[in-house]
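To start, the structure under review is shown below, and the notes come after it.
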Amino acid sequence: MKFRTEVEIPNSVHKIEIEDYLFSMGSCFSTEMSDLLQTGQMQTLNNPFDTLFNPFSINTAVKRLHNAQFYEEVDLISFNEEVISLDHHSSFNSRFLHQTLEKINSQIELGNQFLQNSNWIVITYGTSFIYEFLPKKKLVANCHKIPGKYFEKRLLTHLELTDSIYETIVNLKDIAKPNVQILFTVSPVRHTKDGFAENNLSKSKLITALHEILPQFENCHYLPVYEILMDDLRDYRFYKEDLIHPSNQAIMYIWEKFGNAYFSDETMDFIEENLKIAKSLDHKTADEKNPKYQEFLEKLKARISVQQAKVKHKIF
């Protein structure tokens, strides 16, 4: 007797190898996956604009990265004694123009260089809703707690969604390595502040647009991450206390399914060992001179050396 419907991620012909470069961008769920890859000592870069949610804003960011187009003073605004970019997360805000520009443009340079070497790209969309900043008639990625009277909220049209996804793929394929694999996911995090019916409409528009555009390109794939949480893990025990974000158990479940489908055997072993080492490195003791603890450190050092010999890039 079965008590749940299990959603599988199709096994990929192309596998992630231990020297591959993995770039990710989008909602906070992409950060969860990137953090695990980074802890597993893979070469990763996540969200050079920080967290972004809608396809239009992600496409704006990708075009900037593709063209290595720096931001200038005219691209920024001042609010609440801070200089901010409406295309970026608030983590880029600062009190001074030159500091904000330096933060933004250093990440654009880094992102451009990393994308040129990327073998894998993961894009995670969170919502079809977007805000227009009325004083500049500009669609924005983040409202930065500016009063709502300056914005107009709406759903992106189907054409805006498909055009954004299409342009994103074209630019990523142009800048990355020739056989780059681009994986698209829809975040399982529900945007309940939009309303439950509105959130479902928003997610469905994303899924519809992706399924229309992706078949037009080679090496572009849809990962059913949203479906795993909605249709497989259909229980609030797989959510955090806010009942919106997936729990660590749910994240690890999705991570395992992703790894089984996309990691080579060598990569799987490499990452699993590195995750164990990372956990051991967090171990603390009240007596650092204890012979048993010193023995533990020596064995850990030997394990790290074995892992370091497997790759050319620097780990640990």
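Numbers for residues simply follow the sequence, beginning at 1.
Transitive grouping of hydrophobic side chains (ILVMFWY, heavy atoms separated by less than 4.5 Å) keeps Ile130 and Leu155 in distinct clusters. Under a hydrophobic clustering in which Ile, Leu, Val, Met, Phe, Trp and Tyr are joined whenever their side-chain heavy atoms come within less than 4.5 Å, directly or via other members, Phe23 and Phe53 fall into different clusters. Note on Val189 and Phe238: separate hydrophobic clusters, where clusters join Ile, Leu, Val, Met, Phe, Trp and Tyr whose side-chain heavy atoms are under 4.5 Å apart, directly or indirectly. Hydrophobic clustering (ILVMFWY, side-chain heavy atoms < 4.5 Å, transitive): Ile84 and Ile104 are in distinct clusters. There is a path of hydrophobic side-chain contacts, each under 4.5 Å, that joins Leu37 to Met268.
Put simply, the side chain of Asn199 never gets that close to the backbone of Ser202: no donor and acceptor are under 3.5 Å apart. With Lys15 contributing its side chain and Ala261 its backbone, the two residues share a donor-acceptor pair below 3.5 Å. No donor-acceptor distance shorter than 3.5 angstrom exists from the side chain of Thr51 to the backbone of Asn47, with no hydrogens or angles considered. With Lys103 contributing its side chain and Asn93 its backbone, the two residues share a donor-acceptor pair below 3.5 Å. In terms of modelled atom types and a separation under 3.5 Å, the side chain of Ser247 and the main chain of Ala250 share a donor-acceptor contact.
Side-chain contact check for Ser187 and Thr124: no donor-acceptor pair (N or O, by modelled atom type) lies under 3.5 Å. Checking Tyr222 against Glu227 by side-chain atom types alone, a donor-acceptor pair falls below 3.5 Å. Looking at Ser12 and His14, their side chains never bring a donor and an acceptor atom within 3.5 Å of each other. No hydrogens or angles considered: nothing links the side chains of Glu109 and Asn105 as a donor-acceptor pair under 3.5 Å. In this model, a donor atom of one side chain and an acceptor atom of the other lie less than 3.5 Å apart for Tyr253 and Asp232. Side-chain contact check for Ser264 and Thr267: at least one donor-acceptor pair (N or O, by modelled atom type) lies under 3.5 Å. Neither side chain, Thr162 nor Glu212, offers a donor N or O lying under 3.5 Å from an acceptor on the other.
Within the structure, ring-ring contact (aromatic ring centres under 6.0 Å, His included) contacts touching residues 141-165 (residues at least two apart or in different chains) are Phe133-Phe151.
Using a cutoff of 4.0 Å between basic side-chain nitrogens and carboxylate oxygens, Glu81 and Arg95 are not scored as salt-bridged. Between Glu160 and Arg154 there is a salt bridge, since a side-chain N of the basic residue sits under 4.0 Å from a carboxylate O of the acidic one. Taking a cutoff of 4.0 Å between a charged side-chain nitrogen and a carboxylate oxygen, Asp287 and Lys292 do not qualify as a salt bridge. Checked for salt-bridge contact, Lys257 and Glu6 meet the test: a charged N lies under 4.0 Å from a carboxylate O. Classification of Lys138 and Asp87 as a salt-bridged pair holds, one side-chain N sitting under 4.0 Å from a carboxylate O. A salt bridge does not link Arg4 to Asp235: none of the charged nitrogens lies less than 4.0 Å from a carboxylate oxygen. Between Lys63 and Glu167 a salt bridge is recorded (basic side-chain N to carboxylate O distance below 4.0 Å). A salt bridge is defined here as a Lys NZ or Arg NE, NH1 or NH2 lying under 4.0 Å from an Asp or Glu carboxylate O, and Glu272 with Lys276 fails to meet this definition.
The two residues Leu22 and Phe114 have their closest heavy-atom pair at O-CE2, 3.5 Å. Heavy-atom minimum distance, Asn142 versus His89: ND2-CA, 3.8 Å. Looking at every heavy atom in both residues, Gly126 comes nearest to Leu206 through C-CD1, 3.8 Å. Taking all atoms of both residues into account, the shortest heavy-atom contact from Pro55 to Leu156 is CD-CD1, 4.2 Å. The two residues Ala141 and Ser57 have their closest heavy-atom pair at CA-OG, 3.3 Å. For the residue pair Asn46 and Ser34, the shortest heavy atom distance occurs at CB-OG, 3.2 Å.
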Let's go through Ile146 and Leu86 carefully: what are the C-alpha distance in whole Å and the side-chain angles of both, what is the deciding distance for side chain to side chain contact (heavy atoms under 4.5 Å, CB included) to 0.1 Å, and is it a yes or a no? CA-CA 10 Å; Ile146 298 171; Leu86 295 168; 4.2 Å; yes
Start with the C-alpha distance between Asn54 and Thr127, add both sets of side-chain angles, then the distance that settles side-chain hydrogen bond (donor to acceptor under 3.5 Å, both in side chains), and finish with yes or no. CA-CA 5 Å; Asn54 71 79; Thr127 183; over 6 Å; no
Walk me through it: do Ser24 and Ser30 pass the test side-chain hydrogen bond (donor to acceptor under 3.5 Å, both in side chains)? CA-CA 6 Å; Ser24 57; Ser30 69; 4.9 Å; no
Apply side-chain hydrogen bond (donor to acceptor under 3.5 Å, both in side chains) to residues Gln113 and Asn117 and explain how you reach the verdict. CA-CA 7 Å; Gln113 292 173 354; Asn117 294 306; over 6 Å; no
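Arg64 forms a cation-pi arrangement with Tyr71, by the criterion of a distance under 6.0 Å to the ring centre and an angle within 45° of the ring axis. Under a cutoff of 6.0 Å and an axis angle of 45°, Lys310 and Phe270 do not form a cation-pi pair.
Using a 4.5 Å cut-off on side-chain heavy atoms (C-beta onward), Phe258 and Leu183 make contact. Using a 4.5 Å heavy-atom threshold, the side chains of Leu172 and Val62 count as touching. Looking only at side-chain heavy atoms (C-beta outward), Ile271 and Phe263 come within less than 4.5 Å of each other. Residues Val170 and Lys173 have side chains not in contact (no heavy-atom distance under 4.5 Å, counting atoms from C-beta outward). Using a 4.5 Å cut-off on side-chain heavy atoms (C-beta onward), Phe49 and Ile108 make contact. Between Leu36 and Met252 there is a side-chain heavy-atom pair separated by less than 4.5 Å. Annotation: side chain of Thr100 is in contact with side chain of Leu76 (closest heavy-atom distance under 4.5 Å). Contact annotation: the side chain of Leu275 approaches that of Trp255 to within less than 4.5 Å [non-hydrogen atoms, C-beta and beyond].
When each of Gln41, Arg303, Gln307 is tested with Asn274 by the rule side-chain hydrogen bond (donor to acceptor under 3.5 Å, both in side chains), just one qualifies, namely Gln307.
Ring geometry for His88 against Phe92 counts as perpendicular: the plane angle is over 60°, on a 0 to 90° scale with 30° as the lower cut.
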